Structure formats: structure tokens, C-alpha cells
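Positions are given from 1 along the sequence. All figures in this text were calculated on a predicted structure; none of them were measured in a lab.
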Amino acid sequence: MFDSLTTEQRNEQTRNIDLLPIYDVLKMMNEEDRNVLQAVESELITIEKAVKLVIHSFKENGRLIYVGAGTSGRLGILDAVECEPTFSSPPEMVQGLMAGGMKAFTKAVEGAEDDAKKGALDLQAIKLCEKDTVIGISASGRTPYVIGALTYANDRKAKTVSIACNKKSRMSALSQVAIELDTGPEIVAGSTRLKAGTAQKIVLNMISTVSMIGIGKVYENLMVDVKPTNEKLAERSKRMIMEATGVDEEIAEQYFERSNRHVKAAIVMILLQCSLEEAEEQLNRNNGFVRNVIQRKEEDYNVD
């Protein structure tokens with residue numbers, strides 16, 4: 001069965017990699033990584049379908065849940081935990097489940113990925129429902145833990161997406177949307193943390209970021225729903241206020257504090273010259289989209 005998986009095959013271009021100078025190995029890896037971008041590009045239409053499912057879930061107060069094992073599981077958890085500080089999303093909104101649990105993030109748990117029932121049980125434990133979108137991640141496309149999770153998700157009528165690095169995988173057959181990233185044999189045979197992992201990370205970046213854009217978490221190209229939990233993010237927040245409104249640093253800092261450090265509200269307060277209460281009301285009325293608030297105010301002004 002493994003013989004048919006491109007991710008498990010030997011790369012004929014790198015058979016003598018252990019004999020090459022360091023620079024030549026690095027150059028070879030860089031050249032192989034070019035295939036990753038091509039693999040992702042060929043699946044953009046399918047990735048778009050996945051994003052639409054996630055946006056629909058978010059608008060229905062559903063969740064995005066990544067499920068994976070090994071490298072794939074770690075990548076899902078990494079993407080999930082970054083959403084809260086980047087987009088101020090509640091921690092339950094984007095979640096990552098991994099075979100073997102969180103302890104497997106830093107130390108492999110032998111045999112965990114072979115337990116299909118545990119994949120279902122982990123989703124059951126977080127009360128999966130039909131509003132949620134489950135994204136199964138597996139380089140091989142045949143990981144039992146992920147297959148068990150996708151099977152359970154289908155039974156619960158949740159939306160299902162798979163990200164595999166082999167064509168016509170078992171996971172693909174179980175998913176409403178099947179993303180198949182043909183990254184080819186790895187530079188070191190079977191080490192799917194390399195090209196396969198890189199491709200998966202790129203796609204996860206796309207799905208979470210574009211989905212957050214789709215629910216108003218970004219204004220222009222600024223991550224205006226950032227949670228300023230440290231000095232760096234506070235300074236970044238002020239710069240975004242300056243970029244979005246054209247005010248100087250002193251004014252940006254004043255509104256940053258007056259808005260209770262809520263970048264969206266500060267931008268609306270400056271552009272509309274309104275109070276915090278009105279800015280929050282306008283944002284709520286427009287589902288958090290700063291651009292919609294500004295455009296509607298401009299339309300009202302033009303009508304007047």
C-alpha cells in the first residue's frame with residue numbers, strides 16, 4: 001500500500017545527497033521546495049471551496065477544527081493557537097486536535113495515529129455539531145485517527161475538508177472538499193515534515209487567514225482585530241491606526257487608549273469623528289466590518 005504513495009517514494013534526484021557538499025544539498029532542497037508552490041497553486045479552486053465552508057461555519061457561530069497526527073497535527077494546532085492573538089478570535093473558534101493529545105505536540109506518542117476510534121471520541125468530547133467545519137490533515141491521506149474523525153464528522157453532518165499530499169486518498173473520499181497537494185517524493189525519503197509539511201502549512205495559512213478576512217477581521221490589509229497582549233503588539237496596533245487613518249503617532253496613541261485598545265474602534269472613531277459607544281454600535285451593526293461602516297457613512301453623507 002505504501003508503494004503507491006508518492007510521499008513514501010524515493011526521490012531519484014537526491015539519491016546521492018549524503019555525498020554532496022552542504023551548499024549543494026541546500027540548493028537541492030530549495031529547488032525541491034519550488035514544487036510546493038506549484039502543488040498549492042494547482043489546488044486554489046479547491047482551497048477556495050474549503051474557505052467558503054469555514055466562513056459559513058463562522059457566520060453560524062460554528063467552529064473550525066483541525067485534526068491530524070504527527071507533523072500534520074502539530075501544524076493544525078500551530079495554526080489554531082495563532083488565530084486568537086492575530087484576530088482576537090475566541091480560543092474555541094479555531095481548535096486543533098492531535099492524535100495522542102497535547103503531550104504528543106512535543107513528544108511522539110507511539111501508535112496514537114493508528115486509533116481511528118480516538119479520532120471520533122476526541123470530536124465527541126468537544127461536542128462537534130453540524131455548524132462546525134472539520135479539516136483532516138495527513139500527508140499520506142490514510143491516517144486512521146484522521147479517518148475516524150472525518151467519518152464521525154460526516155455522521156454528525158458537520159462540514160468536512162481533507163488536506164492530503166497524495167492523490168485519491170482515503171481521506172479525500174470521506175470529505176466534502178478534498179485538497180490534494182501533489183508535492184512528490186521528499187528529498188529524504190518519507191520525511192513528510194519537509195515538502196508535504198510546508199505545503200500543508202501554506203494551505204492552513206490560506207484557510208484561516210482568508211476565512212478571518214471573510215468575517216471582517218481585516219481592514220484593507222491590516223489585521224485590525226489584533227489582541228495587543230504585549231508591547232510589540234501594542235506598538236503594531238498604533239501603527240495600524242496611523243496607516244488606516246493618516247493621523248500621527250500622538251493622535252493614534254490617544255485613540256488607542258480611548259478605545260480601550262480596540263484597534264477597529266479607534267479607526268472608526270477617528271474616521272467618523274465619533275464616540276467609542278457610537279463606533280462600537282456601528283461595528284456591531286455592520287458585523288465587525290470596518291470598511292462597511294465607513295462606506296455606509298459615506299453613502300449617508302452623499303444622500304444628505
Looking only at heavy atoms, what is the nearest atom pair of [X] and [Y], with distance?
{"X": "Arg261", "Y": "Pro228", "result": "O-CG, 3.7 Å"}
{"X": "Arg63", "Y": "Phe58", "result": "C-CE2, 4.3 Å"}
{"X": "Tyr66", "Y": "Gly76", "result": "CD1-O, 3.2 Å"}
{"X": "Ala158", "Y": "Gln176", "result": "O-OE1, 3.3 Å"}
{"X": "Pro85", "Y": "Val226", "result": "O-CG2, 3.5 Å"}
{"X": "Met240", "Y": "Val224", "result": "SD-N, 4.2 Å"}

Answer yes if [X] and [Y] sit in the same cluster of Ile, Leu, Val, Met, Phe, Trp and Tyr residues linked by side chain heavy atoms under 4.5 Å apart, and no otherwise.
{"X": "Val210", "Y": "Ile202", "value": "yes"}
{"X": "Ile137", "Y": "Val109", "value": "no"}
{"X": "Met223", "Y": "Ile207", "value": "no"}
{"X": "Ile270", "Y": "Phe256", "value": "yes"}
{"X": "Ile241", "Y": "Val218", "value": "no"}

Could you tabulate the donor-acceptor pairs under 3.5 Å formed by side-chain atoms of residues 38-56, not counting sequence neighbours?
residue: Ser42; atom: OG; partner: Ala39; partner atom: O; Å: 2.8
residue: Glu43; atom: OE1; partner: Glu180; partner atom: N; Å: 2.9

Decide side chain to side chain contact (heavy atoms under 4.5 Å, CB included) for Glu249 and Lys238; before the verdict, give the C-alpha distance in whole Å, the side-chain angles of both, and the deciding distance to 0.1 Å. CA-CA 7 Å; Glu249 185 175 359; Lys238 293 174 210 173; 5.6 Å; no

Test side chain to side chain contact (heavy atoms under 4.5 Å, CB included) on Met29 and Glu32 and set out the steps. CA-CA 5 Å; Met29 289 187 74; Glu32 284 291 318; 5.7 Å; no

Hey, is the main chain of [Y] close enough, under 3.5 Å, to the side chain of [X] for a donor-acceptor pair?
{"X": "Arg156", "Y": "Glu130", "answer": "no"}
{"X": "Asn286", "Y": "Gly288", "answer": "no"}
{"X": "Asn30", "Y": "Leu26", "answer": "no"}
{"X": "Ser89", "Y": "Cys83", "answer": "yes"}

Can you find a pair of side-chain heavy atoms, one from [X] and one from [Y], that are under 4.5 Å apart?
{"X": "Met102", "Y": "Ile77", "value": "yes"}
{"X": "Lys131", "Y": "Ser57", "value": "no"}
{"X": "Lys118", "Y": "Asp122", "value": "yes"}
{"X": "Leu233", "Y": "Lys227", "value": "no"}
{"X": "Lys264", "Y": "Asp225", "value": "yes"}

Give the C-alpha distance, both sets of side-chain angles, the deciding distance and a yes or no for salt bridge (Lys or Arg N to Asp or Glu O under 4.0 Å) between Arg285 and Glu281. CA-CA 6 Å; Arg285 190 178 299 173; Glu281 180 185 347; 2.5 Å; yes

[X] side, atom [atom1]; [Y] side, atom [atom2] - distance, nearest 0.5 Å:
{"X": "Ser208", "Y": "Lys217", "atom1": "OG", "atom2": "NZ", "result": "12.5 Å"}
{"X": "Ser175", "Y": "Ile135", "atom1": "OG", "atom2": "CD1", "result": "9.5 Å"}
{"X": "Thr198", "Y": "Asp33", "atom1": "OG1", "atom2": "CG", "result": "5.5 Å"}
{"X": "His262", "Y": "Ile267", "atom1": "NE2", "atom2": "CD1", "result": "9.0 Å"}
{"X": "Gln254", "Y": "Glu250", "atom1": "CD", "atom2": "CD", "result": "5.0 Å"}
{"X": "Leu181", "Y": "Ile179", "atom1": "CG", "atom2": "CD1", "result": "7.0 Å"}

Thr143: which of Ser138, Ser72, Ser169 passes side chain to side chain donor-acceptor pair (under 3.5 Å): Ser138

Arg291 charged N/C atom sitting above Phe289 aromatic ring, 6.0 Å / 45°: no

Which hydrophobic side chains are connected to Leu128, either touching it within the sub-4.5 Å cutoff or through other members that do? Ile65, Val67, Leu97, Leu123, Ile126, Val134, Tyr145, Val146, Ile147, Leu150, Tyr152, Met171, Leu174

Before giving the answer on side chain to side chain contact (heavy atoms under 4.5 Å, CB included), spell out for Ile215 and Asn287 the whole-Å C-alpha distance, their side-chain angles and the decisive distance to 0.1 Å. CA-CA 8 Å; Ile215 59 171; Asn287 298 314; over 6 Å; no

Do other residues, nucleotides or ligands put more than 12 heavy atoms under 6.0 Å from [X] [atom1]?
{"X": "Glu84", "atom1": "CD", "value": "yes"}
{"X": "Glu60", "atom1": "CD", "value": "yes"}
{"X": "Lys157", "atom1": "NZ", "value": "no"}
{"X": "Gln13", "atom1": "CD", "value": "no"}
{"X": "Leu19", "atom1": "CG", "value": "yes"}
{"X": "Glu231", "atom1": "CD", "value": "no"}

Compile the donor-acceptor pairs under 3.5 Å between side chains in residues 182-193 and protein atoms, sequence neighbours left out, one pair per line.
residue: Glu186; atom: OE1; partner: Lys195; partner atom: N; Å: 2.8
residue: Glu186; atom: OE2; partner: Lys195; partner atom: N; Å: 3.3
residue: Glu186; atom: OE2; partner: Ala196; partner atom: N; Å: 2.9

Go through the steps to decide whether Met269 and Ser275 satisfy the test side chain to side chain contact (heavy atoms under 4.5 Å, CB included), and finish with yes or no. CA-CA 6 Å; Met269 289 169 70; Ser275 67; over 6 Å; no

Among side-chain atoms of Asn154 and Thr160, is any donor-acceptor pair under 3.5 angstrom? yes

